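Residue numbers start from 1 in every chain, and the chains themselves are labelled A, B, ... in the order their sequence lines are given, proteins ahead of strands. Since the structure is predicted, the reported quantities are computational estimates derived from the model, not experimental observations.
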Number of protein chains: 2
Amino acid sequence: MTNKLNLNNLTKSEEDYLKAIFQLLIEDDSVKVGNNQLADYLKVSPASTNNMIKKLKTKGYVVSEKYGKLDLTEEGKSIAVRLIRKHRLWETFLCNYLNFTWDEVHDVAEQLEHIKSRKLIDELDRFMDFPKKDPHGEMIPNANGDYSIIPKIMLSSLSEGDVCQLVAVNDGSVHFLKYVSEIGLALSSEIKILEVREFDKSIRIKFDNIIETVTRKFADNVFVKKVV
Amino acid sequence: MTNKLNLNNLTKSEEDYLKAIFQLLIEDDSVKVGNNQLADYLKVSPASTNNMIKKLKTKGYVVSEKYGKLDLTEEGKSIAVRLIRKHRLWETFLCNYLNFTWDEVHDVAEQLEHIKSRKLIDELDRFMDFPKKDPHGEMIPNANGDYSIIPKIMLSSLSEGDVCQLVAVNDGSVHFLKYVSEIGLALSSEIKILEVREFDKSIRIKFDNIIETVTRKFADNVFVKKVV
DNA sequence: TTAATTTGTTAGTCATGGCTAACTTTTTTA
DNA sequence: TAAAAAAGTTAGCCATGACTAACAAATTAA
């Protein structure tokens, strides 16, 4: 166990890159991540990512061959998971204790996740009594960095008559989160699929006695577990 | 009331400089602050401070003449006070809710004070029920930026027989804070001056039935209010 | 009041992490 | 399979905020 004393002397940028690569890797499972794709995701130029990738390779967090796709080393993954842990714990804190709403937490958590203090985050975890999920329904990695991914079923993959429960939402866009809140959906909402329209794949759903029509794009960002 | 929408688009460095100038200005009341002094305080070269001062002058936060001393504009002061507010609120949170001790909070608060979110800090304030003092006994500026300084009496300024109460400690050094904790002093401790030794100005004090001898340097960093 | 010392300034360098423009390699598709 | 498109790379530039070395002004001391 060559558990090298992880000094975590990473810049904010380096951390952002590692987290981004990790997110892209797990998002589109088993599909490898490319340089331009990463640039796109981080909203920087491909030249910038190329540069940073080089640096992260020499530091031993990223692996890739010239003109090849990107992957993370164990060390790289471990750092990314710790960032995700911090991000989600802060989001939970903001929502549950500081009156933030679903859609307000992301930007602030994005800043807070870079605060460097092991004790801070572990104590925050304890203070909230070790929450398992963040406000968007995503699992919070524990202090050991165990990252369990619950298989995500998209609402859009269900058929008429199915009943499901909202377990998570894609927190990538504030507009989307606002929309979800506004129509009244919440974690654990029970949703029944009334109709899937062939024409544009829009879906008519019912929850809490509310009937709504949502687009395919919307349904792709809502994750559920099947009940019936 | 030209209350210009303060976008607060300042870098971490710019914030650090403004706060440092403010601290130096109020520390040595009415004594003006020089460039080298600032460099010393921030542990950077005089060339660096000179550079940054130029920038902060053009941005309208600092005023000074060539080869002259430094002062802050109202805008500059207001930013510094908000940073101090954030710093002290975070310190309070760390101590009162996350099991941090007196001497552990500074470094983390130094990072947290740069998080940009008005809502975050005001909600944190509310969550803790608007604390008036931080763990070191310093006043916490309120959301309006009202910064009331309690006149600080140094323990070293008292005479034999005086009784006083600990109201604050200088939080500039971790070693000092550790020392204070270790001998058992706490905020509100009642301290009696038993003896002031002429030879080296060391002071024999009694508190909570503990008798200790402290150096002049120590006593210069302990602030009290007189009781008898 | 001149000399020494301290304080402040300027010029020029470096690392980080962005950028554009031009180029090369790989992949797609016609 | 050859041309077009997409993806990846390189070179060279910029701003920020550090630095050192050299110099100028102001202050202190002899």
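With ring centers used as reference points, A:F22 lies under 6.0 Å from A:Y147. Taking the ring centroids of A:F93 and B:F93, they lie under the 6.0 Å cut-off.
With no hydrogens or angles considered, no side-chain donor-acceptor pair links B:R88 and B:T92 at under 3.5 Å.
Distance A:E65 CD to D:dG8 P: 14 Å, rounded to the nearest Å. Across the protein-nucleic acid pair, B:L56 atom CG and D:dT16 atom C1' stand 13 Å apart, rounded to whole Å. With rounding to whole Å, B:E15 atom CD is found 15 Å from D:dG17 atom C1'. As rounded to whole Å, 10 Å separates atom C1' of D:dA18 from atom CE of B:M52. Computed from coordinates, the A:N35 CG to C:dT25 P distance equals 16 Å when rounded to whole Å. Atom CD1 in B:I53 sits about 12 Å away from atom P in D:dG17, given to the nearest Å. Summarising the geometry, the separation between CG on A:N9 and P on C:dA15 is reported as 18 Å, rounded to the nearest angstrom. Nucleotide C:dT7 holds its C1' atom 13 Å from the CG atom of B:L38, rounded to whole Å.
Listed nucleotides D:dG17, D:dT10, D:dG8 differ in distance to A:N36; the shortest reach to its side chain belongs to D:dG8. Residue B:T11 places its side chain closer to D:dT16 than to any other of D:dT16, C:dG8, D:dA18. Among the nucleotides D:dA7, C:dT16, D:dA21, the one closest to the side chain of A:K55 is C:dT16. Closest to the A:N50 side chain, of the nucleotides D:dT20, C:dG8, D:dT10, is D:dT10. Listed nucleotides: C:dG8, C:dT10, C:dG17. Nearest to the side chain of B:K54: C:dT10. The A:Y67 side chain lies nearest to C:dT24 when the options are C:dT24, D:dG17, D:dC19.
Put simply, A:Y17 has no side-chain N or O that comes within less than 4.0 Å of OP1 or OP2 on C:dT16. Remark: B:S45 is not in phosphate contact with D:dT20, judged by side-chain N or O atoms under 4.0 Å from OP1 or OP2. OP1 or OP2 of C:dC19 lies within a sub-4.0 Å distance of a side-chain N or O belonging to A:S48.
Applying the side chain to side chain contact (heavy atoms under 4.5 Å, CB included) test between A:V169 and each of A:N221, A:L177, A:L155, A:V224 identifies A:L177 as the sole match.
Contact annotation for A:S13: backbone-only contact, meaning every heavy-atom pair under 4.0 Å involves sugar-phosphate atoms and none involves a base. Among the atoms of the strands shown, only primed sugar atoms or phosphate atoms (P, OP1, OP2) are found under 4.0 Å from some heavy atom of B:K69.
Of the two residues contacting DNA chain C, namely A:E14 and A:K66, the nearest-nucleotide position lying further toward the 5' end is that of A:E14.
Counting heavy atoms from C-beta on, the side chains of A:R85 and A:N144 never come closer than 4.5 Å.
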